[in-house]
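Have a look at the structure below before the remarks.
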Amino acid sequence: MKLLYDQYSQALPVPLSEFERAQIFRRVEAALETRRAAPRLPTFAWAATALALAASGTFAYRAVRAHEPQPAVITAPVVTQETLELPDGSRAIIGPASQMRVDAAEPLRVRLSLLEGRVDLSVTEVEGRSFVVSAGNVDVNVLGGRVSVAVEPPDSLPQGWAIEVRASDGRADVHRKSGGPPVVLEAGETWSSRAATNSVEAEPFLPAER
Amino acid sequence: MVQSIRKLAPSLADGDLVLAARTGEGWAREALFRRHADAVYAVAFRLLGPHGGAREVLHDVFVKGFASLHEVRDPSAFRARLLRIVVSCVRRRLNGRRWFWPSFDQRAPDFEAFEAQLAALAADRSSDVMKLYQLVEQLSAPQRLAYLLRYIEGFETEAIADALDTSASHVRRLLSKAQRRIAPPRKRLAE
């Protein structure tokens, strides 16, 4: 093996010819000349450029974010209710002293968060549209018609969120955020989180009056 | 200018030529190139093997070497610096090559040239060298470089560590791993 190595390292490669050597040297000189004509930026210049790009990117991102519509929280006065017309033609009547946030209001996607109090919805039936009201630990998917949702936050109740959903003459699905099968409400039915199970009762809706 | 090279090159040491080249003297650069080009080319050729590209490496090494002359702390150690650049260029080429020439069987453009040069060796030795490179192809780039520098170029561990810009103990580990992977087939090759 040693013989192989010695023989190989001594025999290879065939040396460059004088012509090849001169040719490569000319290319080296040309490359050096190009480098001299366009000197490479020093490291600190690259760092400064990167920093400037990052800063301008952050600035642009913030500028864009500043013009994005932020979720609006609507608080109804203590004695009167607030009516909200939505882009899909639906209407939300926010009960007295209630608080609701509009997360999304687009023709094919409406998402509202009822933070406190009650909202009466009159929802149009639109094919492919999603209309969800988040209330405490449930999401109410309103399919259409008149549906009311009432919520009491947990800080005033020892047993946690108190939520009631009533489908007066509409249809809605109640989904627990923790999972599980949805509760389907048909016209005239009411669902309450105070019930031990996901039972649906055909009893009068008890709004969280204030 | 050519006359001055002939007069000065034999008498001037690397250190003097580097100092002259730093001031922009073209004749000093040419003298350095002529003095070291063959050695750089030979090392690059043997490290790259059948995949070729030694001429390109020769070009790149001298461009980098001359462009960074002002960084040379010890001008008399110019040859050692060139060797580090050779290893770095070959390593980059080997790493990049994996994407283009994933296996030994997929022949690189310079394969025929390499075979032609091997023909200068005796026929049986030539096939042995090809077998050696087939084995070396299985190694990672650092293992391959350490192995070839040690057993083809005959470098000591410290010199390899300097060329690979790593520690001597790391080089010993690389050599040990390379030998473990190559030793059994190499024994068969020797037989």
Side-chain angles (χ1 to χ4, degrees), chain A residues 1-68 104 109, chain B residues 21 24 26 29-34 37-46 48-49 52 54-69 113-114 116-122 124-133 148 150-154 182-183 186-187 189-191:
Chain A
M1 204 64 199
K2 179 81 170 64
L3 180 67
L4 167 67
Y5 294 147
D6 290 346
Q7 205 172 359
Y8 171 60
S9 59
Q10 284 161 19
L12 288 182
V14 174
L16 293 168
S17 68
E18 182 57 35
F19 174 74
E20 283 177 313
R21 212 177 285 132
Q23 202 179 26
I24 293 172
F25 181 69
R26 274 200 299 276
R27 280 173 46 211
V28 168
E29 287 287 290
L32 288 170
E33 192 57 43
T34 312
R35 278 192 174 214
R36 275 195 286 272
R40 293 175 67 184
L41 278 177
T43 311
F44 75 85
W46 283 114
T49 311
L51 205 65
L53 282 173
S56 58
T58 310
F59 179 77
Y61 176 73
R62 287 191 173 180
V64 169
R65 281 296 301 270
H67 288 91
E68 274 182 4
R109 182 172 170 259
Chain B
R29 282 198 302 275
E30 188 169 352
L32 283 168
F33 181 83
R34 285 180 180 278
D38 283 342
V40 167
Y41 174 67
V43 172
F45 183 94
R46 290 192 291 260
L48 284 164
R55 282 180 178 76
E56 286 78 6
V57 168
L58 173 63
H59 169 268
D60 293 350
V61 166
F62 276 95
V63 170
K64 284 184 183 175
F66 288 150
S68 60
L69 276 179
F114 182 80
Q117 294 217 15
L118 277 189
L121 293 170
D124 56 335
R125 294 287 104 179
S126 164
S127 63
D128 285 351
V129 172
M130 288 306 270
K131 282 178 194 165
L132 173 72
Y133 270 105
L148 291 176
R150 178 76 189 89
Y151 296 108
I152 295 288
E153 303 301 327
I182 282 188
R186 202 186 68 181
K187 275 180 187 169
L189 185 66
E191 284 163 9

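Sequence lines set the chain letters: A, B, ... in the order given, protein chains first and strands last, and positions in each chain run from 1. Below, each value reflects all heavy atoms present in this structure, side chains not excepted, and no hydrogens, waters or symmetry copies.
- Minimum interatomic distance between A/Leu16 and B/Leu58 (heavy atoms only, all atoms of both residues): CD1-CD2, 3.4 Å.
- When heavy atoms are compared at a cutoff of 4.5 Å, A/Glu18 approaches chain B solely by way of its side chain, counted from C-beta outward.
- Ring geometry, A/Phe25 versus B/Phe33: the interplanar angle falls from 30° to 60°, so the pair is classed tilted.
- Annotation: the span from A/Ile24 atom CD1 to B/Tyr41 atom OH amounts to 7.5 Å, rounded to 0.5 Å.
- Atom CZ of A/Arg26 and atom NE2 of B/His59 lie 12.0 Å apart (nearest 0.5 Å).
- Scanning all heavy atoms of the two residues, the minimum distance from B/Val63 to A/Ala31 falls at CG2-CB, 3.7 Å.
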